[in-house]
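This report concerns only the one structure given below.
This chain uses plain numbering: 1 for the first residue, then up along the sequence. Heavy-atom basis, side chains included; hydrogens, waters and symmetry copies ignored. All values derive from a computational prediction rather than experimental measurement.
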Amino acid sequence: MSNEELIVTLKKIVKPYIQDEIAFENLSEDTDFVNDLKINSANLVDVILDVEDEFDIEIDNDSMEQMLSVKAAIEIITSKLN
């Protein structure tokens, strides 16, 4: 799965939780879930759970703490899928 495909899937997952529509429209690898999309910490946990369901992976606590940006999410998802 390419990074572009992962970004498309991540956009679908995070859409219900975003607070900043403009940042969402411009979502890229550099997008930060908390600072750019204004996703609060409780909803960030929901995003991670949705990512686990979508990709059928398990994300450990260390990876959860690092998963604060699109780039980090892509790296974690890719490593879990390999």
Could you point out which residue of Asn43, Asp50, Asn40, Asp46 forms a side chain to side chain donor-acceptor pair (under 3.5 Å) with Tyr17?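 When side chain to side chain donor-acceptor pair (under 3.5 Å) is applied between Tyr17 and each of Asn43, Asp50, Asn40, Asp46, only Asp50 qualifies.
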
Please check if the number of heavy atoms outside Glu58 that lie under 6.0 Å from its CD is greater than 12. no

For the CG atom on Asp56, are there more than 12 heavy atoms of other groups (residues, nucleotides or ligands in this structure) within a distance under 6.0 Å? no

Quick one: pull up CD in Glu4 and OG in Ser28 and give me the separation to the nearest 0.5 Å.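 Nearest 0.5 Å value for the CD-OG distance: 11.5 Å.
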
Using the rule that Ile, Leu, Val, Met, Phe, Trp and Tyr join whenever any side-chain heavy atoms are under 4.5 Å apart, tell me whether [X] and [Y] fall into a single cluster.
X     : Y     : result
Ile59 : Leu81 : yes
Ile48 : Met1  : yes
Ile7  : Ile57 : yes

Glu65: which residues meet the side chain to side chain contact (heavy atoms under 4.5 Å, CB included) condition with it, sequence neighbours left out?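 Listed in chain order: nothing, the list is empty.
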
When you look at Ile13 and Val47, which way does the side-chain contact (heavy atoms from CB on, under 4.5 Å) test go after all the steps? CA-CA 6 Å; Ile13 291 171; Val47 168; 4.1 Å; yes

Please tabulate, for side-chain N and O atoms in residues 67-80, each donor-acceptor pair with protein atoms closer than 3.5 Å (sequence neighbours left out).
residue: Ser69; atom: OG; partner: Ala72; partner atom: N; Å: 3.1
residue: Thr78; atom: OG1; partner: Ile74; partner atom: O; Å: 2.7
residue: Ser79; atom: OG; partner: Glu75; partner atom: O; Å: 3.4
residue: Ser79; atom: OG; partner: Ile76; partner atom: O; Å: 2.9
residue: Lys80; atom: NZ; partner: Asp60; partner atom: OD2; Å: 2.9

Leu10 side chain near Val51 side chain, heavy-atom distance below 4.5 Å: yes

Restricting to non-hydrogen atoms, name the atom on Thr31 and the atom on Leu27 that form the minimum distance, rounded to 0.1 Å.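 Thr31 and Leu27 have their closest heavy atoms at OG1-CA, 3.3 Å.
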
Of the non-hydrogen atoms in Asp32 and Asn35, which two are nearest, and what is the gap between them?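 Heavy atoms only, the tightest pair is OD1-N, 2.7 Å.
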
Identified side chain to side chain contact (heavy atoms under 4.5 Å, CB included) partner of Leu44 from the options Leu37, Leu49, Val34: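 Going through Leu37, Leu49, Val34 one by one, the side chain to side chain contact (heavy atoms under 4.5 Å, CB included) with Leu44 is satisfied by Val34 alone.
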
